[in-house]
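Following: one structure in structure tokens, then a few remarks.
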Amino acid sequence: MKLGICGTGQISEQLMRNAAKIKDIQVVSVMHREMEKAKRFAHETNIPFAFDSMKDFLNSDIDTVYVGLPNSLHFEVAEACIRANKHVLVEKPFTSNLNELNQLIRLANQHKVLLLEVNRVVYLPNIKWIKQNLSFLGPLKQAEFSYCKRSRKYNDYENGLRPNVFTPEYSGGALMDLGVYGLHLACELFGMPKTLTYRCEKLETGVDAEGILTLDYGEWRVLIHQSKVTNGDVNVKIQGEQAVMAFDYAPSILKQGKLMIESEIKESDVHEEENFYYFLKKACEIIDTNDRQEVQRLMQKSIQIMTLLDEARAQCGIVFSQDMEVHS
Ligand SMILES: NC(=O)c1ccc[n+]([C@@H]2O[C@H](COP(=O)([O-])OP(=O)(O)OC[C@H]3O[C@@H](n4cnc5c(N)ncnc54)[C@H](OP(=O)(O)O)[C@@H]3O)[C@@H](O)[C@H]2O)c1
């Protein structure tokens, strides 16, 4: 894979750290709207070419683009990449809403390129472990996925600034930033719920600071709790009548878990790599082998997730600037 990177934030650094461990990924170019930042990032991470123009970046010798930009920009940048016949890996959440995602899917099909959401959950080794051990739990009763971590950017917000992640212009908020991981996990393990309820506390900007999402699967429920303004639980628990499965890690990390069947405790293996590594390695394989079937499986999950995000926002009146856009 010959990869180009859009964005030079912390998340692009994480990408570079993990791409360096995968021999089939060659990072060729980086793009930032300011040349100085593009050059600095390229220099620090050994990327051969730096650009401040999207046109020149897309003309560089790359076949795939990673989009590590604020949420509201995912659509327009992914669209430009697809039109230039590049495969695209788009950071989570895929787009601002389902309408945008549907537009991208159509365009990607027309251009015969592969389009993937960066879903750090699906290829974690412990996902397999959970699936293999779910039957020990007996009838499921409740699952709780919590990711409550006060953001450093909340201090800026309290000081009168408007960090992207707390604004509707950039499609921010707790649900889009952290809740999406719980949805990745729930949709991978249990598929689409029968109904969803979202209750949240909103900031003055109109996005959610924290909230609880309830996914109803009929006989049982998944509660997904996210907060960007408090330091609370960061863990995953799946409770059945016969046993409990627990991870003291975020839903997107699941580094090590345990299964507790009465007094017996069975531990999972420990992930040695960062969560991004497992996704990136598999994404590279999918693109190099043109595995359209797997892309389709992942896309079904992404559509479920985006449908649930739209519904949750609608219940709480969270409206993004991108919701007003009409894309042709
Ligand atoms: N940060 C994380 O730990 C993390 C983890 C997982 C996923 N993600 C996902 O990664 C994406 C980026 O998140 P982030 O927190 O890294 O965002 P960010 O720091 O606000 O921005 C990331 C990059 O986008 C650039 N950028 C910001 N506003 C822009 C604009 N209006 N036009 C063009 N470029 C712009 C930034 O440049 P400047 O530095 O010049 O502003 C930076 O290079 C999001 O979709 C997020 O959900 C982030």
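Counting starts at 1 for both ligands and their atoms, following the listed order. If you're wondering where the values come from, they're calculated on a predicted model, not measured in any experiment. One is the number of the first residue; the rest follow in order along the sequence.
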**Message:** Looking only at protein heavy atoms, which one is nearest to atom 22 (C) of ligand 1, and what is the separation?
**Reply:** G68 O, 3.5 Å
**Prompt:** Which option, R33, H32, Q10, M54, owns the non-hydrogen atom nearest atom 41 (O) of ligand 1?
**Reply:** R33
**Complete:** Looking only at protein heavy atoms, what sits closest to atom 20 (O) of ligand 1 is N164 ND2, 3.0 Å
**Asked** Should the ring pair F57 and F51 be called parallel, tilted or perpendicular, given that the plane angle runs from 0 to 90° and is split at 30 and 60?
**Response** perpendicular
**Request:** Identify which of L69, V90, I11 has a heavy atom lying nearest to atom 25 (C) of ligand 1.
**Result:** L69
**Request:** Around atom 46 (C) of ligand 1, find the nearest protein heavy atom and jot down its residue, atom name and distance.
**Result:** K92 O, 3.7 Å
**Fill in**
Among E91, M176, M31, E169, the residue with a heavy atom nearest to atom 7 (C) of ligand 1 is E91
**Request:** Go through ligand 1 atom by atom and flag the ones less than 4.0 Å from a non-hydrogen atom of Y181.
**Result:** 5 (C), 6 (C), 7 (C)
**Polar contact flag, side-chain donor to acceptor under 3.5 angstrom, N133-K266** = yes
**Message:** Can you tell me if D288 has over 12 outside heavy atoms packed within less than 6.0 Å of its CG?
**Reply:** yes
**Message:** Looking only at side-chain N and O atoms, does E91 offer a donor or acceptor that is under 3.5 Å from a partner on Y66?
**Reply:** yes
**Per-atom contacts, ligand 1 versus G7 - under 4.0 Å to a heavy atom** = 43 (O)
**Prompt:** Checking D208 side chain against E210 main chain: does a donor-acceptor pair fall under 3.5 Å?
**Reply:** no
**Item:** Min heavy-atom dist Q14 to ligand 1 below 4.0 Å
**Value:** no
**Asked** Considering only the protein, which heavy-atom contact is closest to atom 45 (O) of ligand 1, and what is its distance?
**Response** N71 OD1, 2.7 Å
**Prompt:** Is a side-chain donor-acceptor pair under 3.5 Å present for Q10 with Q14?
**Reply:** no
**Fill in**
The protein heavy atom nearest to atom 43 (O) of ligand 1 is T8 N, 2.8 Å
**For Y170, the ligand 1 atoms whose distance to one of its heavy atoms is below 4.0 Å** = 31 (N)
**Subset of ligand 1 atoms that lie under 4.0 Å from at least one heavy atom of K153** = 15 (O), 19 (O)
**Request:** Count the heavy atoms of every other residue, nucleotide or ligand shown that sit under 6.0 Å from NZ of K149, and state whether that count exceeds 12.
**Result:** no
**Prompt:** What atoms of ligand 1 come within less than 4.0 Å of a heavy atom belonging to P70?
**Reply:** 20 (O), 21 (O), 24 (O), 26 (N), 27 (C), 28 (N)
**Asked** Would a search of protein heavy atoms around atom 28 (N) of ligand 1 find one under 4.0 Å away?
**Response** yes
**Request:** Please identify which atoms of ligand 1 are closer than 4.0 Å to at least one heavy atom of K37.
**Result:** 38 (P), 39 (O), 40 (O)
**Request:** Determine, considering heavy atoms only, which of A38, G9, S252 sits nearest to atom 42 (C) of ligand 1.
**Result:** G9
**Asked** When you check the side-chain N and O atoms of S302 and E117, is any donor under 3.5 Å from an acceptor?
**Response** yes
**Prompt:** Passes salt bridge (charged side-chain N to carboxylate O under 4.0 Å, His left out), D61 versus K2? Steps please.
**Reply:** CA-CA 7 Å; D61 184 22; K2 287 183 169 181; 2.8 Å; yes
**Message:** Can you see whether Y278 has R120 sitting over its ring - NZ or CZ less than 6.0 Å from the centre and within 45° of the normal?
**Reply:** no
**Residue L73 vicinity, atoms of ligand 1 by number, heavy atom under 4.0 Å** = 29 (C), 30 (C), 31 (N), 32 (N), 33 (C)
**Request:** Look at the rings of W220 and Y217 and say which category their plane angle falls in: under 30° parallel, 30 to 60° tilted, over 60° perpendicular.
**Result:** parallel
